[in-house]
Amino acid sequence: MYGDTSIQKPMKIAEPTSEEQAKLEARFQQMVDDDIKIEPQDWMPDAYRKTLVRQMSQHAHSEVIGMQPEGNWLTRAPSLRRKVILLAKIQDEGGHGLYIYSAAETLGTSREDMCKALRDGKAKYSSIFNYPALTWADIGTIGWLVDGAAITNQVALSKGSYGPYCRAMIRICKEESFHQRQGYELLLSLSKGTAEQKAMLQDSVNRFWWPSLMMFGPNDADSPHSAQSMKWKIKKKSNDQLRQEFIDATVPQAEFLGITLPDPDLKWNEERGHYDYGEIDWEEFAHVIKGNGPCNKQRAAAYTKAHEDGAWVREAANAYAAKHAAQAAE
Ligand code: FAQ
């Protein structure tokens, strides 16, 4: 029925013996090692399925909650051109959420269950969206740094082991690339503007730099899921590897904008061939993911209100689908 997002659960079959289980697991791991994509109908360990549902639902929720900080600026965009670009970007983010929910549904969970977990505060979304977009420059910075960090991660995810997730990532990365460029282009305009515009740009980057680095998650040594997810190729690169890649790509872009990054320890290390950088404030990260960041409560309240306000649409869609089903059955 339209609007009824419940889906068929995987068929229950007799439990394999421990010997059969070991064989299934070995065959599964061999497929992963050989870079053969795992598809929904393939046998997979329960923990693999569970890890994917956790990560993919968190990812989809991030896309959806991520519309809020930017949506806040739609009515205040400084020109029609900027408004149209921002509107298109926000719509893309909503679409990304939907592709990823659909990909996650192939694992036997329903979008309704995943969204309910978010409303109930049981599911996470990216820490970054608990920071406010205070100025127009933040819209450019979100595109440049937040989408930039997201792409760095997602390009690696697109080469992972689970077919539906990887395929969703390919399209999403193309769109995120447009988002990153529109953000950078916005900041480039500010960088050539008045003293106030330049100051607004610098202030925005000062506020978003560290939270953007936190998007990659805890250091590898403190990341409970990394080792197993890397073995299963759900993650192709570790949190620290991706963070370093992002920093190395971003520092020259900051230099081109004529701004500084708020890290006195940030400097090129000739020997490593990478930028060294300072210690992330992991206490702040923990505080934000526990629900105590600057905007956690506001984001959750807006999400729940949108769900409640949309009840009549779901009811109408279901009534419409029921009417058509009844007509078809006549
Ligand atoms: N925020 O062991 P790990 C976007 C949690 S999309 C909140 O390292 P894992 C587009 C983690 O869930 C951005 N929680 O975990 C856009 C786990 O908690 P749990 C979103 C975080 O999964 C742009 C615990 O910490 N992208 O921005 C964060 O192996 C602009 C331990 O961590 C994705 O979600 C965090 N930053 O690695 C939209 C990509 N980091 O579940 C609008 C997919 C860690 O045990 C505007 N996800 N945690 O309770 C991933 O790649 C991975 O899940 C990581 C974390 C890398 C985020």
Side-chain angles (χ1 to χ4, degrees), residues 47 50-73 86 89-97 99-100 103-104 117-118 121-131 133 138-160 162 165-166 168-169 172-173 175-180 182-183 208 210-243 246 280 282 284-291 293 296 299:
K50 225 170 132 192
T51 300
L52 275 172
V53 169
R54 177 187 64 76
Q55 179 171 316
M56 290 167 74
S57 62
Q58 173 180 316
H59 193 164
H61 298 331
S62 303
E63 302 280 358
V64 170
I65 298 285
M67 293 193 283
Q68 291 190 34
E70 293 176 303
N72 193 29
W73 277 92
L86 184 59
K89 179 194 190 295
I90 296 170
Q91 285 177 340
D92 283 354
E93 306 298 1
H96 296 174
Y99 310 147
I100 305 171
L118 179 61
K122 290 183 186 148
K124 289 191 168 78
Y125 57 87
S126 181
S127 49
I128 190 72
F129 301 116
N130 293 308
Y131 291 85
D138 289 0
I139 295 306
T141 307
I142 290 172
W144 176 41
L145 295 181
V146 177
D147 284 277
I151 304 170
T152 309
N153 187 10
Q154 288 169 168
V155 167
L157 292 174
S158 74
K159 299 182 178 124
Y162 189 56
Y165 193 26
C166 299
M169 285 301 109
I172 289 176
C173 284
E175 292 177 353
E176 300 286 31
S177 181
F178 154 70
H179 299 165
Q180 197 260 357
Q182 69 80 33
F208 273 90
W210 290 107
S212 301
L213 298 188
M214 293 175 195
M215 286 176 71
F216 296 95
N219 286 140
D220 294 348
D222 301 316
S223 161
H225 302 299
S226 275
Q228 184 60 72
S229 289
M230 299 274 291
K231 187 168 178 232
W232 279 331
K233 296 189 184 168
I234 289 174
K235 288 166 92 167
K236 291 279 283 191
K237 292 186 182 171
S238 79
N239 298 1
D240 287 331
Q241 257 176 308
L242 291 167
R243 191 167 11 246
F246 172 71
I280 289 169
W282 294 115
E284 175 180 322
F285 176 71
H287 196 67
V288 174
I289 66 173
K290 275 186 198 130
N296 296 58
R299 302 289 183 242

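Each ligand, and each atom within it, is numbered from 1 in the order the structure gives.
By the 3.5 Å distance cut-off applied to N or O atoms, Phe216 is not counted among the residues near ligand 1. When only interatomic distances are considered, the shortest N/O to N/O separation between Gln154 and ligand 1 does not fall below 3.5 Å.
Residue-level proximity to ligand 1 for His96 is absent, since no heavy atom of it falls below 4.0 angstrom. Proximity of Leu242 to ligand 1, defined as any heavy-atom pair under 4.0 Å, is not found for any part of the residue. The proximity of Glu93 to ligand 1, defined as any non-hydrogen pair under 4.0 Å, is limited to the side chain. With a 4.0 Å heavy-atom cut-off, ligand 1 is reached by the side chain of Asn239 but not by its N, CA, C or O. The part of Arg54 lying near ligand 1 is the side chain, judged by heavy-atom distances below 4.0 Å.
Using a 4.5 Å cut-off on side-chain heavy atoms (C-beta onward), Ile280 and Met214 make contact. Residues Ile234 and Gln55 are in side-chain contact: their nearest non-hydrogen atoms beyond the backbone lie under 4.5 Å apart. Between Ser62 and Phe129 there is a side-chain heavy-atom pair separated by less than 4.5 Å. Taking the side chain as every heavy atom from C-beta outward, Trp282 and Asp222 never approach each other to under 4.5 Å. Contact check for Leu242 versus Lys235: no side-chain heavy atoms found under the 4.5 Å cut-off. When side chains are defined from C-beta on, Leu118 counts as touching Ile65, because their heavy atoms get closer than 4.5 Å. Taking 4.5 Å as the limit, some side-chain heavy atom of Thr152 sits within range of a side-chain heavy atom of Phe216. Between Phe246 and Leu145, the closest side-chain pair of non-hydrogen atoms falls below 4.5 Å.
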Would Gln154 and Ile172 satisfy side-chain contact (heavy atoms from CB on, under 4.5 Å), going step by step from the backbone distance to the final call?
-> CA-CA 8 Å; Gln154 288 169 168; Ile172 289 176; 3.6 Å; yes
Is there a side-chain contact (heavy atoms from CB on, under 4.5 Å) between Asn130 and His287 once you walk through the steps?
-> CA-CA 11 Å; Asn130 293 308; His287 196 67; over 6 Å; no
Kindly indicate, with the supporting measurements, whether the criterion side-chain contact (heavy atoms from CB on, under 4.5 Å) is fulfilled by Arg299 and Asn296.
-> CA-CA 5 Å; Arg299 302 289 183 242; Asn296 296 58; 6.0 Å; no
Just do the side-chain contact (heavy atoms from CB on, under 4.5 Å) check on Ile289 and Lys124 with the steps written out, would you?
-> CA-CA 8 Å; Ile289 66 173; Lys124 289 191 168 78; 4.1 Å; yes
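Counting atoms of ligand 1 from 1 in the listed order, those under 4.0 Å from a heavy atom of Glu63 are 6 (S), 10 (C), 16 (C), 38 (C). Annotation for ligand 1: atoms under 4.0 Å from non-hydrogen atoms of Met214 are 36 (N). Applying the 4.0 Å criterion to heavy atoms of Pro218 picks out, from ligand 1, the atoms 8 (O), 32 (O), 44 (C). Close approach of ligand 1 to Phe129 is summarised as follows: ligand atoms under 4.0 Å from at least one heavy atom of the residue are 4 (C), 16 (C), 23 (C), 27 (O), 30 (C), 38 (C), 42 (C), 46 (C). Below 4.0 Å from some heavy atom of Gly66 lie the following atoms of ligand 1, by number and element: 42 (C), 46 (C). Heavy-atom proximity to Ile289, at under 4.0 Å, picks out these atoms of ligand 1: 1 (N), 7 (C), 14 (N). Interface of Lys235 with ligand 1, defined as ligand atoms under 4.0 Å from a residue heavy atom, comprises 8 (O), 9 (P), 29 (O), 37 (O). Near Asn153, meaning under 4.0 Å from one of its heavy atoms, ligand 1 places the atoms 39 (C), 50 (C), 51 (O).
Per-atom contact check: atom 24 (C) of ligand 1 does not touch the protein, criterion being a heavy-atom distance below 4.0 Å. Put simply, atom 54 (C) of ligand 1 has no protein non-hydrogen atoms near it, under 4.0 Å away.
Other residues, nucleotides and ligands contribute over 12 non-hydrogen atoms within 6.0 Å of the NZ atom of Lys233.
At a 4.0 Å cut-off, not a single heavy atom of Ile90 sits close enough to ligand 1 to count as contact. At least one heavy atom of Glu70 lies less than 4.0 angstrom from ligand 1. Put simply, part of Lys89 is less than 4.0 Å from ligand 1, judged by heavy atoms. At least one heavy atom of Glu176 sits less than 4.0 Å from an atom of ligand 1.
Summary of contacts: the protein heavy atom closest to atom 28 (C) of ligand 1 is Phe285 CZ, 3.6 Å. In terms of protein heavy atoms, atom 4 (C) of ligand 1 is closest to Ala150 CB, 3.6 Å. Atom 35 (C) of ligand 1 has Ser127 OG, 3.6 Å as its closest protein atom, hydrogens excluded (heavy atom only). For atom 3 (P) of ligand 1, the nearest non-hydrogen atom of the protein is Ser223 OG, 3.3 Å. Scanning the protein heavy atoms around atom 18 (O) of ligand 1, the nearest turns out to be Lys124 NZ, 3.3 Å. Taking atom 45 (O) of ligand 1 as the reference point, the nearest protein heavy-atom neighbour is His225 NE2, 2.6 Å. Ranking protein heavy atoms by distance to atom 40 (N) of ligand 1, first place goes to Gly217 CA, 3.2 Å. Taking atom 12 (O) of ligand 1 as the reference point, the nearest protein heavy-atom neighbour is Gln58 OE1, 2.7 Å.
Relative orientation of the His59 and Tyr165 rings is perpendicular, given thresholds of 30° and 60° on the angle between their planes.
Of all heavy-atom pairs between Ala104 and Met56, the closest is N-CE, 3.4 Å. Closest of all the heavy-atom pairs between Asn239 and Pro218 is ND2-O, 3.0 Å.
Under the 3.5 Å distance criterion, with hydrogens and angles disregarded, a donor-acceptor pair is assigned to the side chains of Glu176 and His179.
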